[in-house]
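As the structure is a prediction and not an experimental result, all values here were calculated from the model. A, B, ... follow the sequence lines: proteins, then strands. Residue 1 opens every chain.
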Amino acid sequence: MSAADLPLQPSLPTRVRRTVRGYFKALTRNKAGFIGFLGIAFFVLLTTVGPEIIPYEGQPHFERMRPGARTLFAPPSAEHILGLDYKGRDILSHIVHGGRGLIITAIETGILTTLVAVALGAAAGLLGGMPDQIISSIGNFILTIPQFPLLLVLATILRFDDKLGLAVLLSVLNWPTLMRAVRAQVMSLKSRDYVEAAFALDLGLWHITTREVLPNMISYIVVNMIFTIRGAMYAIVGLMFLGIVPLAEPDWGMMIFVGRQQGALSGPDTMWMILAPVLAIALFQLSLVLFTRSLEEIFNPRLRQGM
Amino acid sequence: MKFLKSYTFRVLVQGIVTVWAVITFTFFLIRLMPGNPIQLKIDELMNRQGLTYEEALNQAATMFEFDPSRPLVEQYTDYMGRLLRGDLGKSITNQTPVAQQLLKYLPWTLFSVGLGLFISFAFGVAIGLAMAYWRGSWFDNLMTAIASIIYGIPDYVIALLIIMVLGVQLKVIPFGEMLGGSTQGVQPGFTLEYILDLLKHAILPVSTYVLSSIGGWMLTMKSSTISTLGEDYITVARARGLSERRLLTAYIGRNAMLPLVTRLAISIGFVVGGSAIIETLFLYPGLGRNLVLAIGARDYTTMQGIFLVIAVSVVVSNILADLLFGVLDPRVRLTKSRDA
């Protein structure tokens with residue numbers, strides 16, 4: 001086909017507008033997915049813009065002790081819509097300031113895991129032989145050991161003053177699932193004509209991986225990344241819950257841990273210190289799971305057209 | 001010679017190698033943890049009884065029959081040697097044999113997790129089948145929404161919500177009385193009182209396990225059933241005029257369940273170690289909670305014993321999944337024997 005036969009390309013702004021509109025349509029078409037997207041957007045705003053508006057309360061406020069009360073805990077009121085914690089501090093301020101570190105560490109884990117898994121999976125699949133065997137057996141070994149008990153031990157070894165260390169550790173435990181999927185996909189694509197053609201043209205592993213192999217499974221990779229983020233958040237909060245990660249305020253997981261120690265579960269007036277972060281975590285995780293529906297539509301052109 | 005080449009033998013060897021690898025890996029990992037049990041004990045003796053460091057060290061060393069200054073490799077060969085003779089050693093913190101401790105914890109975890117898994121699997125499969133059969137109906141939509149929501153929420157969040165909503169806010173469950181494994185003073189034995197007491201204490205962890213895993217079973221069963229519905233043998237069975245009921249149970253349900261049974265077998269191995277948080281929250285005296293306690297006390301031998309149980313259960317459940325799949329699905333059995 002010569003260039004003259006091709007239909008005239010629309011101008012660039014038109015194309016951009018069409019693409020954006022296409023993505024927006026794919027995003028909104030799945031109602032559950034769109035709700036998930038809105039939920040994530042809400043939490044991103046809450047933890048980035050929120051701290052600018054609501055000041056952080058780190059110091060105890062003894063003057064807020066209600067007459068006749070034995071603790072500083074307080075249920076929601078007009079001034080403090082989520083109530084007060086055991087030091088009389090505003091729980092809303094801790095929700096707003098305590099989500100960022102947790103969410104960022106979880107996202108770092110997701111990105112790191114995906115990069116490592118894709119790189120190792122592509123290497124194992126394309127190179128085959130010895131490298132494949134080594135990568136695959138390490139991956140299978142990690143998959144055999146239940147992660148959380150292992151994490152309990154590992155978490156005490158590393159110092160987690162920097163949360164990046166935790167993200168690295170979680171990635172080490174998480175890469176094998178995606179690696180196996182990438183490897184299998186690479187293996188099955190390796191013998192297809194267009195990849196063989198790319199090999200014949202000597203286009204290099206990098207080109208073949210990024211241009212020929214990955215676009216075929218981008219939907220799977222992105223969804224897997226979201227689930228890794230969700231799993232990382234589960235694990236981090238779980239570690240905090242057991243008091244294993246060296247803990248620093250403000251943090252949602254820390255609120256649950258300290259709240260439990262301070263007897264927040266003893267009554268309806270005190271439980272808000274735990275209820276608030278628990279709901280925040282539940283809603284954030286739920287948003288992530290729902291959002292994957294939209295992601296599938298966005299990244300899977302077949303689904304996009306088929307509907 | 002034929003046995004050495006057989007599939008069973010290969011699986012067996014692979015299993016043993018995996019267990020050995022996990023034990024070795026965790027052995028060194030555990031000893032990399034900062035602080036060791038003797039150090040913790042010395043600190044305690046010095047603080048509590050005002051002993052000098054020397055005195056405390058001597059006393060701690062005799063208490064533990066364990067010398068952290070010995071080379072690690074020597075400790076390792078020593079441990080493996082004992083393990084091969086079936087000796088798991090003694091708990092460093094309370095001097096009871098680890099094997100005895102494991103036998104004490106394991107039933108609690110097996111009972112609660114096993115019951116939870118069984119209930120969620122049975123109901124999840126039944127509901128998932130119905131969802132697929134009436135797909136698109138209000139029932140399907142409602143159940144899909146419910147399943148997606150509970151599937152997305154972490155198990156400890158579910159547990160905390162149960163406590164806060166039902167126990168603290170509405171006060172419909174006496175959750176203070178339901179913590180722990182059994183009520184003190186109720187005599188263990190095969191009496192109605194004791195069994196009811198056990199069930200009462202198991203309700204919280206079991207319902208948490210059920211709620212946190214049933215959504216996954218429902219969604220998987222639904223999609224598995226929908227793909228089964230398109231199979232030729234279903235069309236043929238329908239053409240033969242079989243009743244819908246028979247079609248649903250014997251033809252669709254049984255075939256759609258196949259992949260789930262494998263997953264069930266695999267997850268049995270994983271939940272043994274995966275209950276640490278829930279057991280800690282409900283003070284349930286199982287393996288998970290005791291692993292957390294052992295880690296806190298740096299009780300090397302107990303930790304090691306629990307990891308051994310976890311490794312063995314994962315390997316056994318994987319083998320079980322493999323065998324079960326062969327038994328349930330004759331197509332797999334056929335290809336396997338052709339291979340051999």
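In the model, B:R298 has no side-chain atom that pairs as donor or acceptor with a side-chain atom of A:T156 under 3.5 Å.
Taking 4.5 Å as the limit, some side-chain heavy atom of B:L160 sits within range of a side-chain heavy atom of A:F241. For the pair B:V157/A:Y234, no side-chain contact is recorded, criterion being any heavy-atom separation below 4.5 Å from C-beta on. For the pair B:F25 and A:L150, the minimum side-chain heavy-atom distance is below 4.5 Å. Looking at heavy atoms from C-beta onward, A:L279 lies in side-chain contact with B:L161 at the 4.5 angstrom threshold. B:M164 is listed as a side-chain neighbour of A:I274, based on a closest heavy-atom distance under 4.5 Å. Here the side chains of B:P154 and A:M233 are not in contact, with every heavy-atom distance at 4.5 Å or above.
Looking at A:L143, only its backbone comes within 4.5 Å of chain B, counting heavy atoms on both sides. For a residue to count as touching a neighbouring chain, one of its non-hydrogen atoms must lie under 4.5 Å from one of that chain's; by this rule B:L29 touches chain A with backbone and side chain alike. When heavy atoms are compared at a cutoff of 4.5 Å, A:L242 approaches chain B solely by way of its side chain, counted from C-beta outward. Within the 4.5 angstrom heavy-atom criterion, atoms from both the backbone and the side chain of A:L275 approach chain B.
For the set B:I30, B:V22, B:T26, the count of heavy-atom pairs under 4.5 angstrom toward chain A peaks at B:V22. Between chain A and the residues B:I150, B:T18, B:V165, B:L281, the most heavy-atom pairs under 4.5 angstrom are made by B:L281. When each of B:I295, B:V315, B:I153 is scored by its heavy-atom pairs under 4.5 Å with chain A, the top score falls to B:I295.
Residues of residues 222-231 of chain A lying under 4.5 angstrom from chain B, judged on non-hydrogen atoms, are A:F227, A:R230 by number.
The salt bridge (Lys or Arg N to Asp or Glu O under 4.0 Å) search around B:R289 returns none, not counting sequence neighbours. Residues that satisfy the side-chain hydrogen bond (donor to acceptor under 3.5 Å, both in side chains) test with A:T113, not counting sequence neighbours, are A:S171.
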Would you tabulate the side-chain donor-acceptor contacts of residues 250-260 of chain A under 3.5 Å, counting partners in other chains and residues two or more places apart, or write 'none'?
| unit_1 | atom_1 | unit_2 | atom_2 | d |
| --- | --- | --- | --- | --- |
| A:D251 | OD1 | A:G253 | N | 2.9 |
| A:D251 | OD2 | A:K163 | NZ | 3.0 |
| A:W252 | NE1 | A:I95 | O | 2.9 |

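A:F148 contributes atom CZ, which lies 11.5 Å from atom CD1 of B:I310 (distance to the nearest 0.5 angstrom).
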